[in-house]
A.B. asks: 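Right, I'll just put the structure down here and ask away after.
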Amino acid sequence: MRRLTLDQARRYALAAQGMTEPRPSGRIDARHFRRVVGRIGVVQLDSVNVFARTHFMPFLSRLGPYDRDRLNRWLWGSGEMFEYWAHMASVVPSAHHRLFRWRMDREGIWKTFQETLDAKPDYLDRVLDQVRVFGPIQTSELDDPGHKRGDDAMWNWSEGKMALEYLFMKGAITIAARPNFTRVYDITDRVLASRHLDGETPPIEEAQGELLLMAARSLGVGTAEDLADYYRIRMPEARPLIKELAAAGRLIGVEVEGWGPRPAYLHPEAALPRRPVGTALLSPFDNLVFFRDRVERLWDFHYRIEIYVPPSKRVYGYYVLPFLMDGRLVARVDLKTDRQTRALLVRGAFAEPGVDRVAVGLALAEELEMVAAWLGLDDVKVSRNGDLSTFL
């Protein structure tokens, strides 16, 4: 079996994610957005906006400054992309709609929502009819949005919100727009072109196999767990499919230095740069780092998001972004956008052990200045917190 050094595995991973390509100069438009999506395959969403919307960041990390409104128009207005639970809440190419229909078919009624349907048997049909007649529509525009089910319910959703989200997960409706990041729902065939919806639905094994291959292409090299996590396929389903793909030569079985006895898989078209390159701030939900176990295996970088950790127990901060420099994860920085004072607040900056703090500080300072300008901010304010802060 072919053996890869850890350095080679890192280089495969960086190239597969588009981190080794130079950022373009000049105007950035839909062509560049397509190129990024062609590399990473799925763009994760998150509602936290303390720094910047997370779906903006993978494009910034790979392209440099661009017009965020232009990206939003492309993601939700071009018809080329659609929103679904691909890797958590995500945006994926509309051409891949057929690959997620098995998940739509599998979705069952949530216990909390079933209680609503037991009391109001026609409620789901009534909500769907309203979307059909009045859509695009927000939850607040339903004639009977219902009441919230209590603090322990699904994110304290109202009955109307649960109905819309269930219909969304089943594929009956989809997200037509995102004004101020609020979901606006409409019937799926009014949002997506028929060419994305009319094709034959593949069997579940075929669809999952394609998703696993896409994951391998976006990762370069990874374990079965890495591949399965990318599109959230359960391991009992993913493992035999990965073995079949390897037996057919569509994946190449390899051993990776330091990964122990677990097998790894290389995509046949994976590119190996001569040296590790790539410098960027990364969202906590960037595809390069969203599977924490893989990040630790590749870079010995223990990373956990601390949003839900009590402030007194946080190690690094509330919203901490890893910093990639020359293909290595060398630091992490806790950021907040102060929109009133038009400043990017660096609430903490921390170097990884053994790095050149002067060089890292210079590179990170340059990246922070770029990010601040991209966000339309006038200043970068650095708090004296962390062993890297004095080097900024």
A.B. asks: Does the K161 side chain pair with the main chain of T139, one donor and one acceptor, at a distance under 3.5 Å?
C.D. replies: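 The answer is no, because no donor-acceptor pair under 3.5 Å joins these two groups.
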A.B. asks: Rounded to the nearest 0.5 Å, what separation is found between the CZ atom of R35 and the CD1 atom of I28?
C.D. replies: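 Going from CZ on R35 over to CD1 on I28, the span is 8.5 Å.
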A.B. asks: Is any side-chain N of the basic residue among R297 and D293 closer than 4.0 Å to the acidic one's carboxylate O?
C.D. replies: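 Between D293 and R297 there is a salt bridge, with a charged N closer than 4.0 Å to a carboxylate O.
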A.B. asks: Compute both the distance and the angle, then confirm whether R332 meets the cation-pi test with F301: under 6.0 Å from the six-membered ring centre, within 45 degrees of the axis.
C.D. replies: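 Because its charged atom sits under 6.0 Å from the ring centre and within 45° of the axis, R332 does stack over F301.
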A.B. asks: What about L71 and V42, same hydrophobic cluster or not, with Ile/Leu/Val/Met/Phe/Trp/Tyr joined at side-chain heavy-atom distances under 4.5 Å?
C.D. replies: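 As far as the 4.5 Å side-chain criterion goes, V42 and L71 are connected within one cluster.
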A.B. asks: Compare all side-chain heavy atoms of P93 with those of V37 and state whether any distance is below 4.5 angstrom.
C.D. replies: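 They are in side-chain contact.
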A.B. asks: For the hydrophobic clusters of this structure (ILVMFWY residues joined by side-chain heavy atoms under 4.5 Å, transitively), does one cluster hold both I204 and V92?
C.D. replies: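 Looking at the clustering, V92 is in the same group as I204.
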A.B. asks: Quick check: is V320 connected to F391 through a chain of hydrophobic side chains (ILVMFWY, heavy atoms under 4.5 Å apart)?
C.D. replies: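 No; V320 is not reachable from F391 via cluster members.
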A.B. asks: Any luck finding a side-chain donor-acceptor pair between R262 and T223 under 3.5 Å?
C.D. replies: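 No pair is found: no donor N or O on one side chain lies under 3.5 Å from an acceptor on the other.
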A.B. asks: What is the minimum heavy-atom distance between V254 and L4, and which atoms define it?
C.D. replies: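 Closest approach of V254 to L4: CG2-CD1, 4.1 Å.
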A.B. asks: On a heavy-atom basis, which atom in A207 and which in L99 lie closest, and how many Å separate them?
C.D. replies: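 Scanning both residues completely, I find the closest heavy atoms to be CB-O, 3.8 Å.
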A.B. asks: May I ask you to check whether over 12 heavy atoms, not counting those of R328, lie within 6.0 Å of atom CZ?
C.D. replies: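 No, because the 6.0 Å sphere around CZ of R328 holds 12 heavy atoms or fewer from other groups.
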A.B. asks: Might you work through the side chain to side chain donor-acceptor pair (under 3.5 Å) test for H55 and N72, ending with a clear yes or no?
C.D. replies: CA-CA 9 Å; H55 68 276; N72 275 341; 3.0 Å; yes
A.B. asks: Atom CD in Q208, atom CG in L241: separation rounded to 0.5 Å?
C.D. replies: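 Taking CD in Q208 and CG in L241, the distance rounds to 6.0 Å.
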A.B. asks: Check whether the side chains of T5 and E257 place a donor and an acceptor atom closer than 3.5 Å, and report yes or no.
C.D. replies: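 Looking only at side-chain atoms, E257 and T5 do not form any donor-acceptor pair under 3.5 Å.
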A.B. asks: Please examine the side chains of K381 and V346, heavy atoms only from C-beta on, and report whether any two atoms are closer than 4.5 Å.
C.D. replies: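 No - every pair of side-chain heavy atoms lies 4.5 Å or more apart.
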A.B. asks: Quick one, W259 and L6 - any side-chain contact, counting heavy atoms below 4.5 Å?
C.D. replies: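 Sidechains of L6 and W259: in contact.
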A.B. asks: Around atom CZ of R195, are there more than 12 heavy atoms of other residues, nucleotides or ligands at under 6.0 Å?
C.D. replies: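 Check fails, neighbour count at 12 or below.
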A.B. asks: Do the rings of W74 and F33 sit parallel, tilted or perpendicular, given the 30° and 60° boundaries?
C.D. replies: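 Geometry flag for F33 against W74: tilted rings.
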A.B. asks: Does a side-chain heavy-atom distance below 4.5 Å link T112 with E159?
C.D. replies: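 The answer is no, as the side chains (C-beta and beyond) never meet within the 4.5 Å cut-off.
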A.B. asks: Got R183 and R178 here, is their nearest side-chain heavy-atom distance under 4.5 Å?
C.D. replies: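 They are in contact (side-chain heavy atoms under 4.5 Å apart), so the answer is yes.
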A.B. asks: Establish whether M57 and V289 are linked, either directly or via other cluster members, by ILVMFWY side-chain heavy-atom contacts under 4.5 Å.
C.D. replies: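 Shared cluster, no.
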A.B. asks: With under 30° as parallel and over 60° as perpendicular, where do the rings of F181 and W76 fit, or are they tilted in between?
C.D. replies: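 Correct class here is perpendicular.
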A.B. asks: Before you tell me yes or no, could you show the steps for T201 and R98 under side chain to side chain donor-acceptor pair (under 3.5 Å), namely the whole-Å CA-CA distance, both residues' side-chain angles and the distance that decides it to 0.1 Å?
C.D. replies: CA-CA 6 Å; T201 299; R98 63 187 182 86; over 6 Å; no
A.B. asks: State whether the side chain of R62 and the backbone N or O of Q17 hold a donor-acceptor pair below 3.5 Å, judged by distance alone.
C.D. replies: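 Yes, R62 side chain to Q17 backbone: donor-acceptor pair under 3.5 Å.
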A.B. asks: Give a yes or no on whether the backbone of A343 and the side-chain of D379 come within a donor-acceptor separation of less than 3.5 Å.
C.D. replies: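 No, the answer is negative, given that no donor and acceptor are paired below the 3.5 Å cut-off.
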A.B. asks: Search all heavy atoms of V380 against all heavy atoms of L368 and return the closest pair with its distance.
C.D. replies: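 Between these two residues, the closest heavy atoms are CG2-O, 4.0 Å.
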A.B. asks: Starting at OG1 of T390, measure out to CZ of R357 and round the result to the nearest 0.5 Å.
C.D. replies: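 Result: 8.0 Å between the selected atoms.
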A.B. asks: Any Lys/Arg nitrogen of R103 or E237 sitting under 4.0 Å from an Asp/Glu carboxylate oxygen of the other?
C.D. replies: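 No, R103 and E237 are not salt-bridged.
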A.B. asks: Counting N and O atoms only, with roles assigned by atom type, does the side chain of Y123 sit under 3.5 Å from a partner on the main chain of D144, one being a donor and the other an acceptor?
C.D. replies: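 Present.
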A.B. asks: Over 60° means perpendicular and under 30° means parallel, so tell me whether F82 and Y84 are parallel, tilted or perpendicular.
C.D. replies: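 Because their plane-to-plane angle is under 30°, the rings of F82 and Y84 count as parallel.
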A.B. asks: Is the number of heavy atoms from other residues, nucleotides or ligands under 6.0 Å of D105 CG greater than 12?
C.D. replies: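 Counting other residues, nucleotides and ligands, CG of D105 exceeds 12 neighbours.
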A.B. asks: In the structure I gave you, are the side-chain heavy atoms of D143 and F134 within less than 4.5 Å of one another anywhere?
C.D. replies: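 Result no, sub-4.5 Å side-chain heavy-atom pair not found.
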A.B. asks: Decide ring pair (Phe, Tyr, Trp, His ring centres under 6.0 Å) for Y66 and W374; before the verdict, give the C-alpha distance in whole Å, the side-chain angles of both, and the deciding distance to 0.1 Å.
C.D. replies: CA-CA 7 Å; Y66 65 91; W374 171 69; 5.6 Å; yes
A.B. asks: What are the two closest heavy atoms between I242 and L251, and how far apart are they?
C.D. replies: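 Heavy atoms of I242 and L251 come nearest at CG2-CD1, 4.1 Å.
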A.B. asks: Taking atom types as modelled, is there a side-chain donor on Y185 or E165 under 3.5 Å from an acceptor on the other?
C.D. replies: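 Yes, because at least one side-chain N or O of Y185 sits under 3.5 Å from a partner of the opposite role on E165.
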A.B. asks: Assess whether atom CD of E255 is packed by more than 12 heavy atoms of other residues, nucleotides or ligands within 6.0 Å.
C.D. replies: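 Counting neighbours around CD of E255, more than 12 heavy atoms of other residues, nucleotides or ligands fall under 6.0 Å, so yes.
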A.B. asks: Check the angle between the aromatic planes of H87 and F290 and answer parallel, tilted or perpendicular using the 30° and 60° thresholds.
C.D. replies: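 Parallel: the ring planes of H87 and F290 meet at under 30°.
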A.B. asks: Enter the distance from L245:CG to E210:CD here, rounded to the nearest 0.5 Å.
C.D. replies: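 L245 CG to E210 CD: 10.0 Å, rounded to 0.5 Å.
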A.B. asks: Please check if the number of heavy atoms outside K170 that lie under 6.0 Å from its NZ is greater than 12.
C.D. replies: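 Counting neighbours around NZ of K170, more than 12 heavy atoms of other residues, nucleotides or ligands fall under 6.0 Å, so yes.
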A.B. asks: Could you tell me whether R39 and E21 make a salt bridge, using a distance below 4.0 angstrom between a side-chain N and a carboxylate O?
C.D. replies: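 Here R39 pairs with E21 in a salt bridge, since their nearest N and O are under 4.0 Å apart.
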A.B. asks: Should we say atom CZ of R274 is surrounded by more than 12 heavy atoms from elsewhere, each under 6.0 Å from it?
C.D. replies: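 Check fails, neighbour count at 12 or below.
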A.B. asks: Say whether, by atom type as modelled, one donor and one acceptor occur between the side chain of D229 and the main chain of R232 under 3.5 angstrom.
C.D. replies: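 Pair absent, no side-chain N/O of D229 close to backbone of R232.
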A.B. asks: Under the criterion side chain to side chain contact (heavy atoms under 4.5 Å, CB included), I'd like the reasoning laid out for I305 against R292: C-alpha separation, chi angles, the key distance, then a yes or no.
C.D. replies: CA-CA 10 Å; I305 194 165; R292 312 305 191 206; 4.1 Å; yes
A.B. asks: Can you find a side-chain donor-acceptor pair between S283 and T54 that sits under 3.5 Å?
C.D. replies: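 Yes, side-chain donor-acceptor contact under 3.5 Å.
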A.B. asks: Inspect the surroundings of CZ in R275 and state if more than 12 heavy atoms from other residues, nucleotides or ligands are less than 6.0 Å away.
C.D. replies: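 No, because the 6.0 Å sphere around CZ of R275 holds 12 heavy atoms or fewer from other groups.
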A.B. asks: Please determine whether the number of non-hydrogen atoms from other residues, nucleotides or ligands lying under 6.0 Å from atom CZ of R314 exceeds 12.
C.D. replies: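 More than 12 within 6.0 Å, yes.
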A.B. asks: Run the salt bridge (charged side-chain N to carboxylate O under 4.0 Å, His left out) test on D129 and R132 for me, step by step, so that the C-alpha distance in whole Å, both residues' side-chain angles and the decisive distance to 0.1 Å come before the verdict.
C.D. replies: CA-CA 5 Å; D129 286 342; R132 187 175 290 114; 2.9 Å; yes
A.B. asks: Test of understanding: clusters of I, L, V, M, F, W, Y form through side-chain heavy atoms closer than 4.5 Å, transitively. Do L288 and M88 belong to the same one?
C.D. replies: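 No; tracing contacts between hydrophobic side chains, which count when under 4.5 Å, never links both residues.
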A.B. asks: For A349 versus L392, what's the shortest heavy-atom pair and its separation?
C.D. replies: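 Taking every non-hydrogen atom into account, CB-CD1, 3.8 Å.
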A.B. asks: Side chains of R294 and L219: closer than 4.5 Å at any heavy-atom pair?
C.D. replies: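 Side-chain contact under 4.5 Å: yes.
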A.B. asks: Does some side-chain heavy atom of D29 sit less than 4.5 Å from a side-chain heavy atom of D67?
C.D. replies: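 Of all side-chain heavy-atom pairs linking D29 with D67, none is under 4.5 Å.
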